[in-house]
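Data block below; observations after.
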Amino acid sequence: MSCVTINLGQCGTQIGHALLNNLYHEATTEDRGHLTDKYQQSYADAALDLYFNQTPSGKHEARCVMVDMEPKAINKVLKCQSKQSWNYASGQQFFYNSGSGNNWAYGYHKLGARFRAQVMDMIRREVEKCDSLDGFLVLMSVAGGTGSGVGSYYLNQLRECYPRASVVNPYVLPYSHGEVAVQYYNAVLSLANMNYSSDVCVSLHNNRLHEICESEMLTKDVSFAHMNALASRQLSSALLPSLSNDNQRFSKNKLRDLVQATTGGSAYKMLDITSAPNLSDSSIPFTTFSWKSLFNDAHKSLRRSSNVQDPADARFLSTLFMLRGREVDTVRAEDMRLPAVSWFPSWVGEEDRVQMWRCGKPIGKYEKSLTVLSNGTSCVEPLSNVCQKAWKLFASKSYVHQYYKHGLEECDFEAAIATVQSITSSYNSL
């Protein structure tokens, strides 16, 4: 089973490149002295087959399509190929020279529709290279015009053309203090569309990524490159192969399994991702890693992010723990600090509340690491913030003419805001 990655807009292109580079590096880097050659080869084969296609010459090409309405970001990552051990497939990148003007309506109704044939043909070619399609990994921002508007258009096209494929959608939420004046219009329209078209939506919030880089990793002058590196490591931990329940083989349906483990096929699909540890490179050699301390850190992080005044009132539908590193087979759930039973609605089955995926191969420079995908009330605060600010703009009719002239109507704004409000209400009722 294979996954096709689709990088949309400047942000999607940059973070998608960082992710693919990380996935390839982790797949091909050996952990000498701790794992058998057979284990490492099985792991590498599973990871590379998921996200890369091997050409007749032996070179690995990413199963990836890139789309942007400006050439700068795509050209920049293509220039990096000479320094990489993998390539992008020729002809699987589309860019235009106009940009999307930070306008969701222009990106969706004009540019997306205009270039549908070319982009969907690139996606079809990539799908045809797969022996069997597991699904699509779609990376985008919801603040600008291309990632949000064009991205929303092609999410709908994927759902229409490949209705049985899993669509996992990591999306970047902008800084809450604002990057562009109309970002909350773009965000609320994108989120409402994602709720319809995607099976799982994974939030990557610039505020939180910046805070982790600055306060935990002690990064000075935090840049988007630092934040992309952190996000790509978190996503890599969730997306790299892990052992199946019988601990005999690596799962081949990575995206499908992830969707099932986190949503159970329900309408609740807004996930949060956290990881531990997050350390500066200089402090790693002096740090002692233990699974108990990592679970304690994850427990605190889940409580902090759950959007309740009293952390004891945290509410979740599911929590998926990804354990990677040394002594992973020795971890017993009953010995670790896991989410309390009271955190889950009574109608959620015990076996669905907490799941663990394991892999004995460390990720990055950490000999042990833990990543958690949680489906719960942590999405409420950022989505409510988007709704409130979008409604404030809409109520004053600020900038709406820029959207109306490209085919959007007043009822479209109202429907999008109502959809996102409905999502937050559903989570608050857990």
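Please read these numbers as outputs of a predicted model, since none were measured by experiment. Side-chain atoms are counted along with the backbone in the values below, which use heavy atoms only and exclude waters and symmetry mates.
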Using atom types as modelled and distance alone, determine if a side-chain donor or acceptor of [X] lies under 3.5 Å from a backbone N or O of [Y].
| X | Y | result |
| --- | --- | --- |
| Y51 | L239 | yes |
| R116 | Q157 | no |
| S426 | S422 | yes |
| Y43 | P241 | no |
| Y39 | G360 | yes |
| N278 | I212 | no |
| K365 | L279 | no |
| T219 | V222 | no |

Tell me whether the centres of the aromatic rings in Y185 and Y399 are closer together than 6.0 Å.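 No, too far apart.
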Ring geometry between [Y] and [X] (parallel below 30°, tilted from 30 to 60°, perpendicular above 60°):
| X | Y | value |
| --- | --- | --- |
| F344 | F316 | tilted |
| Y268 | Y427 | perpendicular |
| H299 | W343 | tilted |
| W86 | Y24 | tilted |
| Y403 | F413 | perpendicular |

State, to 0.1 Å, how close [X] and [Y] come at their nearest heavy-atom pair, and which atoms those are.
| X | Y | answer |
| --- | --- | --- |
| R324 | S236 | NH2-O, 4.4 Å |
| L430 | R315 | O-NE, 3.0 Å |
| Y366 | P277 | CE1-O, 3.4 Å |
| N7 | G12 | CB-O, 3.4 Å |
| M194 | L155 | CG-CD1, 3.7 Å |
| C387 | V188 | SG-CG2, 4.3 Å |

Report yes if some heavy atom in the side chain of [X] is under 4.5 Å from a heavy atom in the side chain of [Y]; otherwise report no.
| X | Y | result |
| --- | --- | --- |
| C201 | N195 | no |
| I423 | L383 | yes |
| L78 | M66 | yes |
| H25 | T29 | yes |
| L373 | M322 | yes |
| F95 | N75 | yes |
| R353 | P339 | no |
| R159 | V167 | yes |

Got a sec, which residues hit salt bridge (Lys or Arg N to Asp or Glu O under 4.0 Å) with K129, two or more places apart in sequence or on another chain? E126
Consider only side-chain N and O atoms of [X] and [Y], and report whether a donor and an acceptor are under 3.5 Å apart.
| X | Y | result |
| --- | --- | --- |
| D68 | T13 | no |
| Q41 | D45 | yes |
| S275 | Q234 | yes |
| H17 | Q84 | yes |

Check the surroundings of atom [atom1] in [X]: do more than 12 heavy atoms from other residues, nucleotides or ligands lie under 6.0 Å from it?
| X | atom1 | result |
| --- | --- | --- |
| K397 | NZ | yes |
| Y196 | OH | no |
| K72 | NZ | no |
| E128 | CD | yes |

Is there a ring-ring contact (aromatic ring centres under 6.0 Å, His included) between F94 and F115? Walk through the geometry before answering. CA-CA 9 Å; F94 178 88; F115 301 116; 4.8 Å; yes
Do you know which of [options] makes side chain to side chain contact (heavy atoms under 4.5 Å, CB included) with [X]?
| X | options | answer |
| --- | --- | --- |
| W104 | N186, V142, T146 | N186 |
| Q14 | N228, V172, I74 | N228 |
| V168 | V259, L139, D199, D134 | V259 |

May I have the step-by-step check of side-chain contact (heavy atoms from CB on, under 4.5 Å) for D49 and S2, ending in yes or no? CA-CA 6 Å; D49 187 54; S2 301; 4.0 Å; yes
Assess the residue pair D352 and S318 against the criterion (side-chain contact (heavy atoms from CB on, under 4.5 Å)); give the C-alpha distance rounded to whole Å, side-chain angles, the decisive distance to 0.1 Å, and a yes or no. CA-CA 6 Å; D352 297 324; S318 66; 5.9 Å; no
Gap separating the CZ atom of R233 from the OG1 atom of T371, nearest 0.5 angstrom: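 So the gap between those two atoms works out to 7.5 Å.
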What is the distance from atom CE of M356 to atom CG of L243, rounded to the nearest 0.5 Å? 14.5 Å
Any cation-pi pair here, K392 with F394, using under 6.0 Å and within 45°? no
Check the pair C359 / F250 against side-chain contact (heavy atoms from CB on, under 4.5 Å), numbers first and verdict last. CA-CA 9 Å; C359 179; F250 289 106; 4.2 Å; yes
Any salt bridge linking D272 with R208? Criterion: basic side-chain nitrogen under 4.0 Å from a carboxylate oxygen.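 A salt bridge is present here (some side-chain N lies under 4.0 Å from a carboxylate O).
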Audit row: M120, C161, side-chain contact (heavy atoms from CB on, under 4.5 Å) steps and yes/no: CA-CA 9 Å; M120 294 309 294; C161 297; 3.9 Å; yes
